[in-house]
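Only heavy atoms go into these numbers, but all of them, side chains included; no hydrogens, no water, no symmetry mates. Just so you know, residue 1 is the first one in the sequence shown, and it goes up from there. Everything numeric in this text was worked out from a predicted model, so none of it was measured.
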Amino acid sequence: QVQLVESGGGLVQPGGSLRLSCAAGGSIFRVDAMSWYRQAPGKERELVAVVISGGSTNYADSVKGRFTISRDNAKNTVYLQMNSLKPEDTAVYYCNAVVLNKNRAFGNYWGKGTLVTVSS
């Protein structure tokens with residue numbers, strides 16, 4: 001059993017910052033790629049940022065220069081630092097991770113999501 005738990009969402013004014021965290025726990029042997037997605041009401045879920053096991057990162061064009069994804073491998077945790085937030089960043093943010101569990105099976109896991117609301 002693997003669980004991803006997000007935290008850090010909330011209400012912030014335009015131009016403000018938030019830092020999201022996602023901790024993976026359970027029957028984990030190794031966590032590989034970790035990523036953040038978001039879904040606004042009535043919109044498709046979209047990839048925001050990804051950090052692969054080798055450390056390389058990639059970002060959606062809409063967040064480049066404003067968001068930074070990072071990870072703490074010792075804690076199986078991924079972070080998303082969000083700066084210069086805009087109202088269009090409002091969405092439920094979901095953590096995703098590719099995990100090799102202790103049964104040596106790969107799985108693709110999702111957190112339940114954390115709501116980020118950017119509004120004055």
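Considering every non-hydrogen atom in both R71 and A33, the closest pair reads NH1-CA, 4.3 Å. Looking at every heavy atom in both residues, T90 comes nearest to V118 through OG1-N, 2.9 Å. In terms of heavy atoms, R104 sits closest to F29 at NH2-CE1, 3.2 Å. Between C95 and V78, the shortest heavy-atom contact is SG-CG1, 3.7 Å. In terms of heavy atoms, A24 sits closest to L4 at CB-CD2, 3.3 Å.
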Let me see the working for S119 and L11 under side chain to side chain contact (heavy atoms under 4.5 Å, CB included), right down to the final yes or no.
CA-CA 7 Å; S119 176; L11 175 65; 4.3 Å; yes

Please determine whether side chain to side chain contact (heavy atoms under 4.5 Å, CB included) holds for the pair I28 and V2, giving the CA-CA distance in whole Å, both sets of side-chain angles, and the decisive distance to 0.1 Å.
CA-CA 7 Å; I28 295 172; V2 175; 4.1 Å; yes

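Here OH of Y37 is found 4.5 Å from CG of L47. Values are rounded to the nearest 0.5 Å. Note that CG of L18 is 9.5 Å distant from CG of N83, once rounded to the nearest 0.5 Å. Considering CG of L20 and OH of Y93, their distance stands at 7.5 Å, rounded to 0.5 Å. Here CG of N58 is found 6.0 Å from NZ of K64. Values are rounded to the nearest 0.5 Å. For the atom pair CZ of F106 and CG of N103, the computed distance is 13.0 Å after rounding to the nearest 0.5 Å. Here CG of L80 is found 8.5 Å from OG of S70. Values are rounded to the nearest 0.5 Å.
Within the 4.5 Å cutoff, no side-chain heavy atoms of S35 are placed close to those of V51.
Taking hydrophobic clusters as Ile, Leu, Val, Met, Phe, Trp and Tyr residues chained together by side-chain heavy-atom distances below 4.5 Å, M34 does not share a cluster with V50. By the criterion of side-chain heavy atoms lying less than 4.5 angstrom apart, applied directly or through intervening Ile, Leu, Val, Met, Phe, Trp or Tyr residues, Y94 is not grouped with M82; the two fall into different hydrophobic clusters.
The backbone N or O of V92 sits nowhere less than 3.5 Å from a side-chain atom of Q39 that would complete a donor-acceptor pair. Side chain of N76 to backbone of V31: no donor-acceptor contact under 3.5 angstrom is found. At distances below 3.5 Å, at least one donor-acceptor pair connects side-chain atoms of Y59 with backbone N or O atoms of I69. A donor-acceptor contact shorter than 3.5 Å is absent between the side chain of Q13 and the backbone of S120.
The side-chain contact (heavy atoms from CB on, under 4.5 Å) check on R19 picks up Y79, Q81, with sequence neighbours excluded.
For the 3.5 Å distance criterion, the side chains of S53 and D32 fail to qualify, holding no donor opposite an acceptor.
Every pair passing salt bridge (Lys or Arg N to Asp or Glu O under 4.0 Å) that includes a residue from residues 78-98 is listed here, sequence neighbours excluded: R38-D89, R66-D89.
The aromatic ring centroids of F67 and W36 lie 6.0 Å or more from each other.
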